[in-house]
Amino acid sequence: MNMAHYQVVIVGAGSAGLTVASQLMNTPKPPQVAIIDPAEKHYYQPLWTLVGAGIFPKEESERDQADFIPYGATWIKEYVDSFQPKKNALTLKNGESISYEVLVVAAGIQIDWDKIPGLKESVGKPGTGVVSNYAYETVDATWEAIRNLKSGNAIFTHPSTPIKCGGAPLKICFLAEEHWSKAGVRKNVNVKFVKAGPGIFAVKKYAESLTKVADRKNIERVWQTELIALRPDQKEAVFKNLETAEETVMSYEMIHVTPPMSAPAFIANSPLAAENGWVEVNKETTQHTRFDNVFALGDCSNLPTSKTGAAIRKQGPVTVANVLAYLGGKEMSKKYDGYTSCPLVTGYGSLILAEFDYDKQPMESFPFDQSKERYSMYALKAYGLPRMYWHGMLKGREF
């Protein structure tokens, strides 16, 4: 059997995979590129916070994948089963093998719904009060629950694992609180934000602003506390304190769960993985630390920065330049500084735009203090960034 061969094989057609593929195809002499991804639909996931808050219909976040596969690239609609980096090859679920000169791994993050007993069977189901913005299938239920809640405990969780968009669990908490205030039921709703981490945000400048917002909204905050089980029939959530291992039970009318996440299993169980399961790469070049012709970026990589689309926007051009340098036998000169961004929605029409690097130092794009809440930055997130994504980033434009 002949093995199909491509100069560059990209695993994953999400934000990272399509950005890299499009930028490669936009070069004057593009390499032969294959993109492996079985998904027929592509989602602009940053919009899901706003969908969960009733601002946009979820359909606004969905497009056909076929419309974004760059012209000239080969789309292989299959799952990857395993990697054989020593042979410069990988095997698909259907048994076929594909070989490459360069491999780019951009397979995103795995959502572990089944790690919390009681979650999978209850999330998004009417009457359970269990909701999550982290799936296209469940995001509608968040707004239903927020809209219909008149009293009781509303809990918002944040797990101890890395997650996509570290600010998202807090954003929906802020938006829900504002809705209940406007609807006149806030005095009957007890809003709790429970995070399995030490504080509200990792960058001091933005943490101070977010603390002020949470104080103003009278949101109770509980740190170092992980959701470990749900009892949907009783509407009870079991939490564990990460420092004392003590377990507590909280009752809820509504609970927005950010599920634990991890590296996709086919990566975690492969020779490409670091000990923590993510693809092991050099944090400046995105090149694998053990296999020279392998690169990875985005959520599946172990780049020590927040897992956001904004980080991919800066990682993409670095990866592309270094892949082309590798193919051309040249030295890799492009470096990634850890830039990431978290547009922190604090209410309907207000946003703090956090932008920072590996050292958790702010790296702001605008000539004003971005730690202040602004409508202009909210408009950028709601209306500007989705257009930049569909028509710019996925088309291989750099900005």
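Below, all heavy atoms of this structure are taken into account, side chains as well, without hydrogens, waters or symmetry copies. All of these numbers come straight from a predicted model, not from anything done at the bench.
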(request) Verify whether the ring centers belonging to Y134 and W113 lie closer than 6.0 Å. (result) no

(message) Under 4.0 Å between a side-chain nitrogen and a carboxylate oxygen: does that hold for R290 and E280?
(response) yes

(message) Centre-to-centre under 6.0 Å for Y336 and Y358, is that the case here?
(response) yes

(request) Kindly say whether the aromatic ring centers of H158 and W223 come within a distance under 6.0 Å. (result) no

(request) Calculate, to the nearest 0.5 Å, the distance between atoms CG and CG belonging to L103 and N88 respectively. (result) 9.0 Å

(request) For the pair D369 and R374, find out whether any cationic side-chain nitrogen is under 4.0 Å from an anionic carboxylate oxygen. (result) no

(message) Check this for me, if you would: do E208 and K205 make a salt bridge, where the nitrogen-to-carboxylate-oxygen distance has to be below 4.0 angstrom?
(response) no

(request) State which residue, out of I352, L353, V345, fulfils the side-chain contact (heavy atoms from CB on, under 4.5 Å) condition with Y378. (result) V345

(message) Under a plain distance cut-off of 3.5 Å, with no hydrogens placed, do D112 and Q110 share a side-chain donor-acceptor pair?
(response) yes

(request) Please name the pair of heavy atoms, one in N133 and one in W48, separated by the smallest distance, quoted to 0.1 Å. (result) O-CE3, 3.4 Å

(request) Please say which of V33, V11, I10, V294 ends up in a side-chain contact (heavy atoms from CB on, under 4.5 Å) with Y100. (result) V294

(message) Less than 6.0 angstrom separating the ring centers of F193 and F156, yes or no?
(response) no

(request) From the options R216, K192, R186, select the one residue that forms a salt bridge (Lys or Arg N to Asp or Glu O under 4.0 Å) with E177. (result) R186

